[in-house]
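Quick notes on the structure that follows.
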Amino acid sequence: MNNYGPLSTNIMPSKISIAATRKAESVGQTVVIQGWVRTRRDSKGGFSFIELNDGSCFGNIQVIAEAALPNYESEVKKLTVGSSVRVEGEVRASPGKGQATEVLAKNILVYGIADAEAYPLQKKGHSFEFLRTIAHLRPRTNTFGAIARVRNCVCNSIHQYFQEEGFLYLHTPIITASDCEGAGAMFQVTTLPLDKLPTDGAKIDYHLDFFNRPSYLTVSGQLEGETYACGVGKIYTFGPTFRAENSNTPRHLAEFWMVEPEAAFNDIFDNMDLAQGLLKRIFRDVLEKCPEDMQFFSERIDKTVLETLNHILESEFLHVSYTEAIAILEKSGEKFEFPVAWGSDLQSEHERFLTEKHFKCPVILYDYPRTIKPFYMRLNDDEKTVRAMDVLVPKVGEIIGGSQREERLDVLETRMAEQKLNPADYWWYTDLRRYGTVPHAGFGLGVERVLLFITGMANIRDVIPFPRTPGNADF
Ligand code: 4AD
Ligand code: MG
């Protein structure tokens, strides 16, 4: 028994998704579908058309509700946008354009009405800024439904790709004591009473804190990931990472999802191939498995997305050294806000010039100056550059950052001293170089950056369900 009363027949028709109902093969079946009303139109002939969506696919199903339904006048004709219903009915071939099927209702049960005066999504065409203020309702819009499905497809591809390549899925800690990127922009985790900090003289006494020491939310699972790569060979982590930098840009989040593969015996060129393979796999799967959603993005968000993704599938990513990139930028004659000089980090305007104007495709830049990259990247023989690699794409800029790791203990220790890191804090990390050290490499792919690129959405706050940015953790 359920609380919503009996269906019209004794044999329970199957509850199926609207995605399945929309397929021509379902014609003739009696089904139960459930979802939210997108529109209701009453025809003069004494029946109504209800467009229903349940999130299983982009398209709606058209339900035909005839006046003979017992609750036609009392309930069906009062259905508003956003109301939730269960419909039992027969799937028929649709005479309408753009849809293979429709459902002739035998029974409509109303779960809940959405008050037309108050429901914020009653009207279409809200700005993305406004929708961020109703992050709990935006999954009911076309755009956010499409993003949710594409995001799911991307995550599934990531797992499939690494599983097929023989990588083990590894869970690295969210709470950590080490700062991987050395940027110092970490969220502290504590149970100390912040209004009455226990001090030991002038200093906070961390012996009274939960972990007996300062600890933080992780910025990256890489360092812990390396310990497993140097034991079981190939691993990947996939989880949330946290950065407390005060970056209010359309490309930065304080909490974002990162996938980080790490492979023993890989050098930087193996690492580049792995990154290219992963990105191509993700793009191919999205085009294949989410064609309706991708069609929507190309029609309504950015008309270049399909062409761009298809073009990437057919081409090899370019490998360009940082030094070559600087030479190209210097010769470009372009006026940049930030000056170009060997030794300084590339700004997003430089990255965009390279990918959008000069190469017009994804580029893997490698061998960056040692002074602008973290301690763990392998020093090159020139002693000026390290084996870093960034994958840059048009419009978004960096979507992957990685490197071959420094596997020589003495060089690693020199680099740590250079960056004022205390080797005692990293004793377990340096141990990997003490006992059976091996060359190895890995990278981090920002899931939301990839989603920006795939969908053409302009703001990273719109490709994660509940964005965390400076001043905003409302939902
Ligand atoms: O380049 P990043 O900082 O690299 C690392 O964290 C390395 N430990 C990864 C590794 O080698 N295992 O970050 C990797 C990627 C970036 O390329 C970008 O796509 C994404 O993570 N990312 C962000 N995405 C959204 N908001 C932010 N604040 C981000 N910071 C980095
Ligand atoms: Mg980076």
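Read the numbers this way: they start at 1 and go in the same order the structure lists the ligands and their atoms.
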**Prompt:** Between Asp200 and Lys203, is a salt bridge (Lys or Arg N to Asp or Glu O under 4.0 Å) present by the stated rule, with each step listed?
**Reply:** CA-CA 5 Å; Asp200 166 19; Lys203 282 214 235 107; over 6 Å; no
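Heavy atoms only, all atoms of each residue included: Arg251 and Ser348 are closest at NH1-OG, 4.2 Å.
The distance from atom OG of Ser220 to atom OH of Tyr376, rounded to the nearest 0.5 Å, is 6.0 Å. Interatomic distance, NE2 of His159 versus OH of Tyr236, reported as 5.0 Å (0.5 Å rounding).
Defined by atom type and a distance below 3.5 Å, a donor-acceptor pair is present between the side-chain atoms of Asp285 and Ser157.
Qualifying ring pair (Phe, Tyr, Trp, His ring centres under 6.0 Å) partners for Phe296, counting only residues two or more places apart in sequence or in other chains: Phe58.
Residues in residues 462-475 take part in these salt bridge (Lys or Arg N to Asp or Glu O under 4.0 Å) pairs, two or more places apart or across chains: Arg132-Asp462, Arg138-Asp462.
Protein residues with a heavy atom closer than 4.0 Å to ligand 1 are Cys180, Glu181, Ser220, Gln222, Arg243, Glu245, Arg251, His252, Leu253, Phe256, Met258, Glu260, Tyr376, Glu398, Ile399, Ile400, Gly401, Gly402, Arg405, Gly442, Phe443, Gly444, Gly446, Arg449, Ile460, listed by chain and number.
For the Mg ion (ligand 2), the neighbouring protein N/O/S atoms at less than 2.8 Å, given as residue and atom, are Glu398 OE2.
Checked by atom type and distance alone, the side chain of Arg370 pairs as donor or acceptor with a backbone atom of Glu383 at under 3.5 Å.
The side chain to side chain contact (heavy atoms under 4.5 Å, CB included) with Leu279 is formed by just one residue from the set Ile400, Ile454, Leu274; it is Ile400.
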